[in-house]
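Heads up, the thing below is written out as structure tokens.
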Amino acid sequence: DDEAVSRATSVYLVDRCVPMLPEVLSNFACSLRPHEEKYCFSAVFELDDNAQIQNQWFGKTVIYSDHRFAYEEVQTIIETGDGPYKNEIFTLDRLAKILRAERTSKGSIFFDKAEVKFQLDDAGAPTGVYFKTQKDAHKLIEDFMLLANRKVAEFLGKKPKEDNQNNRSKKGDKNDKNADAVVYRIHDVPKDEKLMELNNFVERFGYSVAVGNKTKTAQSINKLLQDVKNKKEQSMIELLAVRSMPKAVYTTKNAGHYGLGFDYYTHFTSPIRRYPDVMVHRLLEAKLNHTHYLKADELELLCKHSSEMEKLASDAERASIKYKQV
């Protein structure tokens, strides 16, 4: 745990991964390997045909994976209509697309930026470069991860309406503040000046970005990203659009996630590679067992550290890519 706190995240360089947890945990004991029983913390949802949640349950489980897919295999099944577990995959894909459409209508922004990937020889020297784009198989996983993250955040942080009147302790009660503390992943609304700068630039290419209204801004950015697809200016405008956004951070003070269009959001799905997810697992366990994990100020310190380490890791990843590109 001390080692995981100090790193706070795994770092993914072009030719290696520096794991947050020792490899014996990250690749073996905690890794979801097929045909092995694994301890797990599960967010289980029962969805109807319209992807509306009928039931949800959070708790500790033992999970047994029947099959481990690569994204490419799932993509082939979606495209060809044939392969192992095809009915399950079709169902998941259909529901994910409904969840995605719902997010879009509520102001979620979609940055479909192509990732630069490399072919490396045995010595780690690049022999080729290619773009990896997000396809339905990737989006399917992302949409269900977002569902789990969002619902865990709501379960931990959302107060039933009657609590406002009846059950809340006095404002000065320290225990109440600590009992309510949650680790959130927040993404603030972009500043008008940044959006104006972006708009002034894209106007030269015949595009525009709405400023001043949260939902309209999100819709106009999505339209911009769609309109520049396969155009010469695509890469540059996508990069500038990303840079006009504030950085997402971890904190105990909820401000919602603008980019995803969620009022409550956290990171729950990757405790092997991100320390905030470990904290969220412990907060969830504490809530289910009616106990406490850490005080609010202790959580906030860990959130600040995790945000700083995430930025360091992301800078290192970018430097690693630039180095191999050269």
Side-chain angles (χ1 to χ4, degrees), residues 10 12-17 19 26-28 30-38 40 42-53 61 63-104 108-122 124 126-150 222 225-226 228-231 234-235 238 260 267-270 272-274 317 320-321 324-325:
S10 294
Y12 296 91
L13 306 177
V14 170
D15 57 353
R16 79 202 75 174
C17 167
S26 58
N27 283 4
F28 296 96
C30 302
S31 183
L32 184 56
R33 289 142 62 91
H35 313 299
E36 294 178 12
E37 288 191 343
K38 296 289 180 180
C40 196
S42 294
V44 181
F45 302 97
E46 188 184 320
L47 306 178
D48 65 16
D49 280 345
N50 300 313
Q52 298 302 302
I53 297 171
T61 56
I63 193 165
Y64 181 90
S65 168
D66 290 307
H67 192 91
R68 183 174 188 161
F69 283 103
Y71 283 111
E72 292 73 23
E73 289 174 76
V74 175
Q75 190 60 35
T76 302
I77 293 166
I78 291 170
E79 288 172 9
T80 63
D82 196 31
Y85 298 100
K86 63 179 182 185
N87 293 334
E88 289 85 348
I89 287 169
F90 295 157
T91 302
L92 288 170
D93 185 47
R94 187 176 61 76
L95 292 171
K97 281 170 176 157
I98 297 171
L99 289 170
R100 214 171 305 147
E102 205 175 296
R103 279 203 289 131
T104 309
S108 204
I109 300 171
F110 291 86
F111 289 107
D112 266 349
K113 209 163 172 350
E115 285 182 72
V116 179
K117 296 285 178 183
F118 300 87
Q119 280 118 8
L120 303 174
D121 65 17
D122 292 343
T127 57
V129 62
Y130 61 97
F131 285 116
K132 185 179 173 186
T133 51
Q134 285 246 321
K135 294 189 175 172
D136 284 344
H138 298 90
K139 291 174 183 173
L140 179 162
I141 294 294
E142 184 185 18
D143 277 298
F144 287 110
M145 286 202 298
L146 291 176
L147 176 68
N149 287 338
R150 174 166 60 99
N222 274 336
L225 295 170
Q226 274 305 311
V228 299
K229 279 250 184 309
N230 303 317
K231 305 269 178 65
Q234 177 179 350
S235 228
E238 280 177 344
L260 293 171
H267 274 166
F268 162 81
T269 51
S270 299
I272 291 174
R273 63 184 182 89
R274 292 187 302 226
E317 286 164 32
S320 164
I321 289 167
K324 295 292 185 191
Q325 278 176 317

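Computed from a predicted model, the values in this text were never measured in an experiment.
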Report task. Report the distance from atom OG1 of Thr269 to atom CG of Asn149, rounding to the nearest 0.5 Å. Result -> 4.0 Å
Query raised in the report: Can you find a heavy atom in the side chain of Glu142 that is under 4.5 Å from one in the side chain of Leu146?
Result: yes
Query raised in the report: Does the distance from a Lys or Arg side-chain N to an Asp or Glu carboxylate O, for Asp143 and Lys139, drop under 4.0 Å?
Result: no
Query raised in the report: Atom OH in Tyr85, atom CG in Leu92: separation rounded to 0.5 Å?
Result: 13.0 Å
Query - Interatomic spacing from OG1 in Thr91 to NZ in Lys86 - rounded to 0.5 Å - result: 12.0 Å
Requested in this report: Go through the steps to decide whether Arg94 and Asp49 satisfy the test salt bridge (charged side-chain N to carboxylate O under 4.0 Å, His left out), and finish with yes or no.
Outcome: CA-CA 9 Å; Arg94 187 176 61 76; Asp49 280 345; 3.6 Å; yes
Query raised in the report: Any side-chain heavy atom of His67 sitting closer than 4.5 Å to one from Glu73?
Result: yes
Query raised in the report: Any sub-3.5 Å donor-acceptor pair from Gln234's side-chain atoms to Asn230's backbone N or O?
Result: yes
Query - Side chain Thr127, main chain Gln119, donor-acceptor under 3.5 Å - result: yes
Query raised in the report: Rounded to the nearest 0.5 Å, how far apart are CD1 of Ile77 and CG of Asp82?
Result: 8.0 Å
Query raised in the report: Does the side chain of Phe144 come within less than 4.5 Å of Leu47's, by heavy atoms?
Result: yes
Query raised in the report: Is there a donor-acceptor pair closer than 3.5 Å between any side-chain N or O of Asn50 and the backbone N or O of Gln52?
Result: no
Query - CG-OH distance between Leu140 and Tyr71, expressed to the nearest 0.5 angstrom - result: 9.0 Å
**Report entry** Contact check, side chains of Phe111 and Glu238, non-hydrogen atoms, under 4.5 Å
**Finding:** no
Query raised in the report: Side chains of Arg68 and Leu32: closer than 4.5 Å at any heavy-atom pair?
Result: no
Query raised in the report: Is any side-chain heavy atom of Met145 less than 4.5 Å from a side-chain heavy atom of Phe268?
Result: no
**Report entry** Heavy atoms from other residues, nucleotides or ligands near CZ of Phe131 exceed 12 (cutoff 6.0 Å)
**Finding:** no
Query raised in the report: Do the non-hydrogen side-chain atoms of Gln75 and Glu72 ever get within less than 4.5 Å of each other?
Result: no
Query raised in the report: Distance from Lys117 atom NZ to Lys324 atom NZ, nearest 0.5 Å?
Result: 13.5 Å
Query raised in the report: Below 4.5 Å, heavy atoms only, C-beta onward: do Arg33 and Phe28 meet side chain to side chain?
Result: yes
